[in-house]
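Everything below concerns the one structure shown next.
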Amino acid sequence: MRLKQLSVFLENCQGQLEKVCRLIADAGVNLETITIAETKDYGILRAIVDKPDEATAALKSGGFFAKEIEVLAVEVDDKPGALLKILEKTSEAGLNIEYMYALTRPFDKKPVMVMSFKDIGLAESLLQ
Amino acid sequence: MAQNWNDLNGNFHPASAADFLPREQLRDLQSQRLVELVKLAYKVPLHKSRMDEMGVKPSDIKSIDDISKLPFTQKSDLRDTYPYGLFAVDSSEIVRLHASSGTTGKPIVVGYTEEDMRVWHESVMRCLLMYGIRRGDFMQVCYGYGLFTGGMGLHGGSEMLGCTVIPASGGNTERQLMIMRDFGTTAIACTPSYFIHMIEESQKYGVDMKKLPLRFGVFGAEPWSEQMRMFMQKNTNIKAFDIYGLSEIAGPGVGGECCEQNGLHIFEDNFYPEIVDPDTGEVLPDGEEGELVITTLAKRAMPILRYRTHDITSIIPVPCKCGRTMRRIRRIGRRSDDMFIIRGVNVFPSQIEVALMRVEECTPNYRIILEREKDLDTVTVEVEVQSQCYSDSVAALDTLRKKIQASIFNIVNIRIDVRIVQPNKLPRSDGKAKRVIDNRKI
C-alpha cells in the first residue's frame with residue numbers, strides 16, 4: 001500500500017531534531033517510524049506519522065521545510081530470503097530503490113519495508 | 001532636443017536642466033565652486049593642517065584641474081573629529097544632523113545648512129526625475145527614518161518633486177505590503193534586499209505583486225547585482241533603479257541611473273567624482289577602475305575634500321544616450337574594504353553573489369562566513385535555495401551543492417565550502433544586508 005511519508009530538511013546541528021519532534025508532538029501527531037539520512041551539513045528526516053497533513057502544517061509554521069512524499073509499504077515474509085525475492089522482482093523490472101527502511105510497528109505482525117521509487121505506480125503493480 | 005530627453009516624456013522639469021549643462025559650462029561652474037569650497041574648508045583645522053603639510057594654499061586652487069593638489073579625507077577623519085570637528089559654519093546655521101550607524105567604534109556625524117538641505121533634496125529629486133517618477137506618484141519610503149540619511153533623504157526629495165509621500169519607514173513587512181496595496185503605491189524606495197524579502201513574503205500575505213500599480217523601485221544603500229534587478233523586475237511590474245549616495249557626502253542622491261539603466265550619472269555640479277588607485281591615491285583616467293573619490297562642491301556646513309568612498313568603480317568614458325552631460329560611474333559591485341583574502345586569492349562578496357545567481361536554484365539570500373582554523377582562513381557560503389529544491393533526496397541536494405560550488409570556483413578559482421541552509425534561516429534586514437560574517441579572531 002502507498003503511505004504518505006514526511007520528509008524534512010534539517011541542518012546537521014544540535015537541537016534541530018528536538019525542535020521538529022516538539023512541533024510534531026504539540027500538533028498531537030504520533031510518530032510511527034522515524035529515520036534520518038545525514039551528510040556533514042544537513043540531513044533529511046523521513047517519518048511515517050498518523051496525521052501527515054497536520055504534521056506538515058505544524059512543521060511549516062515552525063519554519064521547517066516539510067514535504068509529503070508517497071512511498072510504498074511492502075509486506076515481507078518473516079523468513080530467510082524473503083526480502084531477496086522482492087529485490088529480484090524490482091531488479092528484473094529495472095526499478096531502482098531510492099532508499100528503504102523498516103516500519104517500526106508492522107501491520108499484521110509481518111515485517112513491513114518502506115521503499116521509495118521514482119516510478120511508484122510501476123513498483124506498486126509489481127509488488128502488490 | 002526633446003528626443004534626447006527620451007526618459008522625460010516631454011515633461012521637462014526645471015530641476016533637471018543642470019543634468020544637461022554643456023561640459024565647458026559645467027567645468028566653469030565646478031571651478032568656481034571648488035575655489036569657494038577650498039576657502040571654506042581651510043577654516044576647518046583638519047583640512048587646514050593637511051593642506052599646510054602639503055604646502056597648498058587656498059589661492060593655489062584656481063580651477064577644477066587643481067583638485068588633485070588637495071588632500072584626501074578618510075572616514076577615520078570623520079570619526080576622529082566626532083562629533084562636530086569638520087563643521088565649517090556656526091552651529092546656528094546648522095538645521096539638520098544625521099549620523100551613520102557606526103558599526104566600528106564611534107559613529108560619524110554630518111550637518112547641513114538650509115542651503116545644504118535644498119541641494120541634497122534637489123539631488124534626490126533629480127534622481128527620481130531620471131527614473132521617470134513624477135508629481136502624482138505615490139512614493140512609499142521604506143528606508144529607516146532617523147539618523148540614517150536614507151529615509152529622510154528620499155522623503156525630502158520626493159516631497160520636493162510633489163509626490164504623495166508615504167513615510168512607511170523600515171520593517172513590518174505585512175504592514176508594508178498592506179499599505180502598498182491599499183494606498184496604491186506606485187514607487188517604492190528601500191534596500192534591494194528588503195524588496196526581495198517583500199516579494200518572497202507577498203504570497204504569504206495574499207498580495208499579488210503583479211497586480212499592484214507599483215512601477216518604480218529606488219534601490220540603494222548596498223551593492224546589488226543585475227541578477228537581483230532581473231529577479232525584481234520579473235516578479236513585479238517595476239523598473240528597478242539604482243541610487244547612489246553616502247552620508248559623509250550628503251546621503252542618497254549623489255547619483256543615479258537614467259532610463260538607460262547603464263551606469264549612474266553623478267551630479268557633478270554638486271559632487272565632483274574622481275577615480276584613484278586605491279593603493280597609491282594616483283588619479284586614474286576615465287574608463288579605468290579604481291576607488292571613487294568625491295568632493296562636495298556645494299556643501300557649506302561640512303565641506304569634504306576628496307572623500308575616499310572605498311567603493312570600486314570606473315567612470316564610463318563615453319556620453320550617455322539619454323543626453324545628460326553628467327558623467328556616469330559603473331554600478332558599484334564591490335568595496336575596497338569588503339574584500340577578503342582566502343589562500344592568497346582576493347575575493348569580493350559580489351563575486352560570490354554573481355556565482356550564486358548563475359545557479360537557477362539559488363535565492364538571493366546568502367551570507368559568507370569567514371573563520372580561522374589554526375591560522376588558516378576558511379570561507380563558507382550559506383545559501384537558501386528555492387523551496388522546491390529541498391527535496392527528499394540527499395543525492396539531489398548534494399548535486400545541487402556541488403553545482404553551486406562549481407559556479408563559485410568558476411569565478412574565484414578557489415574551492416569554497418557551500419552549505420545549503422533552511423529556508424528563511426538567514427536574517428533579513430531592513431537596512432543594509434550583512435553579507436559577510438567575520439568570525440576570525442585576528
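These values consider heavy atoms only, across backbone and side chains, with no hydrogens, waters or symmetry-generated copies.
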One should read off an interatomic distance between B:Gln422 CD and A:Phe65 CZ, to the nearest 0.5 angstrom, of 11.0 Å
**Prompt:** Just wondering, are more than 12 heavy atoms of other shown residues or ligands nearer than 6.0 Å to NZ in B:Lys210?
**Reply:** yes
**Message:** Does B:Arg175, at its CZ atom, have more than 12 non-hydrogen atoms belonging to other residues, nucleotides or ligands within less than 6.0 Å?
**Reply:** no
Can you tell me if CG on B:Asp182 sees more than 12 non-hydrogen neighbours from other groups inside 6.0 Å? yes
Checking heavy-atom separations under 4.5 Å from chain B, one finds in residues 41-54 of chain A A:Asp41, A:Tyr42, A:Ile44, A:Arg46
### Student check: side-chain heavy atoms of B:Arg401 and A:Thr39 closer than 4.5 Å
no
Review point. Do A:Phe9 and B:Ile420 have side chains that get closer than 4.5 Å, going by heavy atoms?
Key: yes
When the 4.5 angstrom heavy-atom criterion is applied to A:Gln16 and chain B, the contacting part is side chain
Whatever's closer than 4.5 Å to a heavy atom in chain B on A:Glu11 counts as both
When rounded to the nearest 0.5 Å, the distance separating CG of B:Asp392 from CD of A:Gln5 is 5.0 Å
Item to check | A:Gly63 backbone acceptor or donor facing B:Lys425 side chain under 3.5 Å | outcome: no
* Above 12 or not: heavy atoms from other molecules or residues under 6.0 Å from CD of B:Gln388? -> yes
